[in-house]
Q: 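Please find one structure pasted underneath; my questions will follow.
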Amino acid sequence: MLTVYVPRDTTACALGADGVVDAIVAEAASRNIEIKLVRNGSRGLFWLETLVEVETPAGRMAYGPVNASDVTGLFDAKFHEGAAHELGLGLTEDIPYLKNQLRVNFARAGIIDPLSIDDYKTHGGYGGLTRALALEAQAIVDEVKASGLRGRGGAAFPAGIKWQTVLDTPNEQKYIVCNADEGDSGTFADRLLMEADPYQLIEGMTIAGLGVGATQGYIYLRSEYPKAHEVLKAALANAYEAGYLGIDVAGSGKHFDLEVRLGAGAYICGEETSLLDSLEGKRGLVRSKPPLPAIIGLFGKPTVINNVLTLATVSAIFEKGADFYKGLGTGRSLGTLPMQLAGNIKRGGIVELAFGSTLRDLMEDFGGGTASGRPMKAVQVGGPLGAYLPESQWDIALDYEAFAAAKAMLGHGGVVVFDDSVDMLEQARFAMEFCVVESCGKCTPCRVGSTRGVEVIDKIRASDSSDKQRDDNLILLEELCDTMEFGSLCAMGGLTPFPVRSSVKHFPEDFY
Amino acid sequence: MNSSAHESSTREIVAAMQDMPGGLLPILHEIQHALGYVPEDCVPIIAEGLNLSRAEVHGVISFYHHFRSEPAGKHVVQICRAEACQAVGARGLEAHVQTSLDVKMGETTTDGNLTIEPVYCLGNCACGPSVQIGEDVHARVTPKRFDVLVADLKINGGAK
Ligand SMILES: Cc1cc2nc3c(=O)[nH]c(=O)nc-3n(C[C@H](O)[C@H](O)[C@H](O)COP(=O)(O)O)c2cc1C
Ligand code: SF4
Ligand code: FES
């Protein structure tokens, strides 16, 4: 029977994928063509959504972007036999955007039915767990250390070292917490991974549990992701039913329970200690460190807290070996990083590459420039706390150390492109405004400083360029940034100055 | 729904979930899901069930943007205000929404049909501006497209 794939992920659905499905089902029925329709995750080539694929003897053929109104024409052209059509893109695997990537985390995304454990296993899934089950806890942690894996949530801390601390802290109860709060604008890699390949995360968390001796895991998911929530709930139920979770993981006698919990619209709850308070049912206030969550974490117990991609990568590391993983990348940035091309970009989506290429390659070769066709002016990398980079910085290598050296941050890999119509004063103002809205309120430099920041920027805008007060206010803004950077308890207040300062420094014309 | 009906659903939810570790957020989600908001008269019941003070429960409800203490309009419309959407016209969309519907962010239209809220990223950042209506995200929402979406809501309540 003919198999047709239509993605079910948030972006595909936001572009009308459900309507495309209805049209395909109706059209096939009226033509007496028997089809099997699979709702795959997306391949992450979002500018081509809705990307419809058809199984042919030569491989999967892609058509896109398809609207419901294109479906009759596609059937007339016999797309279901892989025939040519103006929306035809050839074999999916040969689309350069996909072909030129090195996919580890996203190797299965869009290929499999996200909820099918059989599909997952056919494509290498649960191979990592099988290997981990044969190892002692210390050997599991050693493998993660050997892979060079660093946290993908922003701070890039070595995962194996964090795990070692938890393993070495004896307690009858420990926890694995997955940070799925993905609050950064311009990022959607966690979302797509959970919507397209959820078992990869479940498997990684299970291995983490075995590695540090934790029997309970929580996925803290932002409430803005209802589709990911739906997929995770179903995937968890399936994993329990298939015996991959619970008191006897894959017949090993080992115990690991896993539950998904929803956040409630607070950016600060992505910060790990605030997240833990939120999971405990409290306001999400940032805790001072020490103690580290690895020692006193959730409900006061030793806790591994890692980002979605960090934990998911663990399954690949155990499936393919630490050597395979650390063989990719450059310097101390090993493995692959799924970058996310967003904002004013012609070809937005997920681009997973080994560390070491450049921002320019990404934005020009993959992204194809701006969607508006106007020149690019600024790029914000690493979320709302990341710096705005002017063209002179687009050749920095995609590598944690290279970015840090440029006073920028790779963070979770979000790349937000702006064309020349952007007003950088507005962007600096928004950075302050966002901090006002999302500050947890615990410390003054962040809470009060950001409010003052908005006021000062408004004054700069209101004054004219001959005005001496403008210079005074720019100095005041600089001092405010210093106070926030050095006086804040966490990176919310501490890094908000980065987008502000980089705007003033690199785009002074917008402030004069 | 009257206040005693609120109380009885709240009691049921609290009874079913009070043993969950860190159960306050899941309970609030469940109540808001069932009632559309977290009414004032539920607070003492939650506090009692979880052995917390009312002030603590209030503190949590007001800390999180997602929880509301007042009923919303028939449809909740969230407009993404974050950077990736700004880069493709979210500021203009926000202005259009406010003038065309004569509401400010956070308010409900006078006919009680739409509550307009800001949201900071829906994970649809490659295809913004993004708008979420109920649980459905919409991509590339220009002002014109927004008007069509709203007209659809008025005609058929948003059913596809
Ligand atoms: C304001 C703020 C927001 C954050 N948001 C997130 C987030 O949404 N997702 C995430 O994984 N990490 C986020 N982090 C980083 C976490 O605090 C923490 O470093 C991370 O969960 C550790 O996991 P990793 O080592 O796997 O990256 C945030 C940090 C700060 C200061
Ligand atoms: S810097 Fe801001 S968000 Fe962080 S602890 Fe202080 S007030 Fe809270
Ligand atoms: S910034 Fe609007 S959806 Fe991400």
Side-chain angles (χ1 to χ4, degrees), chain A residues 10-11 13-15 18-19 22 46-47 49 182-188 190-192 222-228 261-267 269 278-284 298-299 340-345 348-349 371-372 380 384 414 416-419 422 426-427 430 434 437-438 440, chain B residues 17 20-30 32-33 46 50 52 56-68 78 80-92 117-141 160:
Chain A
T10 299
T11 291
C13 290
L15 288 164
D18 291 340
D22 293 346
F46 288 134
W47 86 98
E49 296 293 356
E182 196 164 65
D184 291 358
S185 165
T187 66
F188 39 75
D190 295 350
R191 173 183 71 67
L192 187 60
R222 71 197 321 248
S223 56
E224 291 86 344
Y225 282 179
K227 284 217 187 289
R261 289 284 179 92
L262 282 184
Y267 178 74
C269 288
S278 182
L279 260 184
E280 291 178 7
K282 305 175 192 155
R283 289 180 296 157
L298 184 63
F299 303 115
Q340 298 126 81
L341 280 178
N344 198 330
I345 189 88
S372 61
Q380 188 177 33
V416 178
V417 177
F418 292 80
D419 73 11
V422 67
E426 280 297 325
Q427 298 312 118
F430 179 79
F434 186 67
V437 176
E438 299 295 345
C440 85
Chain B
M17 300 173 76
M20 257 177 133
L24 180 53
L25 262 71
I27 286 174
L28 294 173
H29 274 296
E30 202 59 32
Q32 182 152 312
H33 188 72
I46 304 168
L50 296 185
L52 298 169
E56 282 170 301
V57 178
H58 268 297
V60 169
I61 295 170
S62 60
F63 181 84
Y64 294 97
H65 303 302
H66 179 82
F67 298 125
R68 60 179 98 251
Q78 295 186 308
C80 179
R81 294 191 73 220
E83 290 89 340
C85 286
Q86 292 166 9
V88 285
R91 284 198 179 86
E117 292 182 342
V119 70
Y120 297 90
C121 194
L122 296 162
N124 183 49
C125 331
C127 301
S130 310
V131 167
Q132 188 165 30
I133 303 178
E135 294 216 324
D136 294 328
V137 177
H138 299 270
R140 298 191 191 124
V141 184
K160 292 227 173 72

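Note that the structure is predicted; figures quoted are calculated from it, not measured. Within every chain, numbering begins at 1; the chains are lettered A, B, ... in the order of the sequence lines, protein sequences first and strands thereafter.
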Q: Mind telling me whether B/His66 and B/His29 have parallel, tilted or perpendicular rings, with 30° and 60° as the class edges?
A: tilted
Q: With side chains defined as the heavy atoms from C-beta onward, is the minimum distance between B/His65 and B/Tyr120 less than 4.5 Å?
A: no
Q: Which one wins on heavy-atom pair count under 4.5 Å against chain A: B/Arg91, B/Gln78, B/Gln32, B/Glu135?
A: B/Arg91
Q: Test side-chain contact (heavy atoms from CB on, under 4.5 Å) on B/Arg68 and B/Glu117 and set out the steps.
A: CA-CA 11 Å; B/Arg68 60 179 98 251; B/Glu117 292 182 342; 2.7 Å; yes
Q: Looking at side-chain heavy atoms only, is the closest gap between B/Ile61 and B/Leu28 below 4.5 Å?
A: yes
Q: Is there side-chain contact between A/Arg191 and A/Thr11, with at least one heavy-atom pair below 4.5 Å?
A: yes
Q: Please name the pair of heavy atoms, one in B/Ala84 and one in A/Ala342, separated by the smallest distance, quoted to 0.1 Å.
A: CB-CB, 4.1 Å
Q: Do you know which of B/Val131, B/Asn124, B/Leu24 has the most heavy-atom pairs with chain A at a distance under 4.5 angstrom?
A: B/Asn124
Q: Return the option, out of A/Arg261, A/Glu224, A/Glu438, A/Gln340, with the maximum number of heavy-atom pairs under 4.5 Å with chain B.
A: A/Arg261
Q: Give, as side chain, backbone, both or neither, the part of B/Arg140 having an atom under 4.5 angstrom from any heavy atom of chain A.
A: side chain
Q: side-chain contact (heavy atoms from CB on, under 4.5 Å), that's the test. Do A/Val422 and A/Asn344 meet it? Break it down for me.
A: CA-CA 10 Å; A/Val422 67; A/Asn344 198 330; over 6 Å; no
Q: Pick one of side chain, backbone, both or neither for A/Phe299, based on which atoms fall under 4.5 Å of a heavy atom in chain B.
A: side chain
Q: Examine whether an atom of B/Gln132 lies under 4.5 Å from a heavy atom of chain A, and if so say whether it belongs to the side chain, the backbone or both; otherwise answer neither.
A: side chain
Q: Is any side-chain heavy atom of B/Val60 closer than 4.5 Å to a side-chain heavy atom of B/Leu52?
A: no
Q: Of the backbone (N, CA, C, O) and the side chain (C-beta and beyond), which part of A/Leu262 lies under 4.5 Å from a heavy atom of chain B, both, or neither?
A: both
Q: Given a strict heavy-atom distance threshold of 4.5 Å, which part of A/Val437 is in contact with chain B: side chain, backbone, both, or neither?
A: both
Q: Tell me, do A/Asp184 and A/Pro384 make a side-chain contact under 4.5 Å, heavy atoms counted?
A: yes
Q: For chain A, which of B/Ala90, B/Ser62, B/Ala126 has the most heavy-atom pairs under 4.5 Å?
A: B/Ala126
Q: Testing the basics here: between B/Leu122 and B/Ser130, what is the closest heavy-atom pair and its distance to 0.1 Å?
A: CD1-CB, 3.9 Å
Q: Hey, are the side chains of B/Glu83 and A/Phe418 touching, using non-hydrogen atoms and a 4.5 Å cut-off?
A: yes
Q: Among A/Gly186, A/Cys13, A/Ala371, single out the residue with the greatest number of heavy-atom pairs under 4.5 Å to chain B.
A: A/Gly186
Q: Chain A heavy atoms under 4.5 Å from B/Val119: which part of the residue, side chain, backbone, both or neither?
A: side chain
Q: Between A/Glu182 and chain B, with a heavy-atom cut-off of 4.5 Å, which part of the residue counts as in contact: side chain, backbone, both or neither?
A: neither
Q: Heavy atoms only, distances under 4.5 angstrom: which of A/Gly265, A/Ala264, A/Ser185 has the most pairs with chain B? Name it, please.
A: A/Ala264
Q: I'd like to verify something: which residue of B/Ala82, B/Gly89, B/Gly23, B/Gly123 has the highest number of heavy-atom pairs under 4.5 Å with chain A?
A: B/Gly123
Q: Measuring heavy-atom distances to chain B, does A/Ser278 have an atom under 4.5 Å in its side chain, in its backbone, in both, or in neither?
A: both
Q: Please state whether the side chain, the backbone, both or neither of B/Pro26 comes within less than 4.5 Å of a heavy atom of chain A.
A: side chain
Q: Answer with side chain, backbone, both or neither: which region of A/Ser223 has an atom nearer than 4.5 Å to a non-hydrogen atom of chain B?
A: side chain
Q: So which residue, A/Ser372, A/Gly263, A/Gly183, ends up with the most heavy-atom pairs under 4.5 Å with chain B?
A: A/Gly263
Q: Please flag which part of A/Phe46 lies under 4.5 Å from any non-hydrogen atom of chain B: side chain, backbone, both or neither.
A: both
Q: Could you check if a side-chain atom of B/Tyr64 sits within less than 4.5 angstrom of a side-chain atom of B/Leu25, using non-hydrogen atoms only?
A: yes
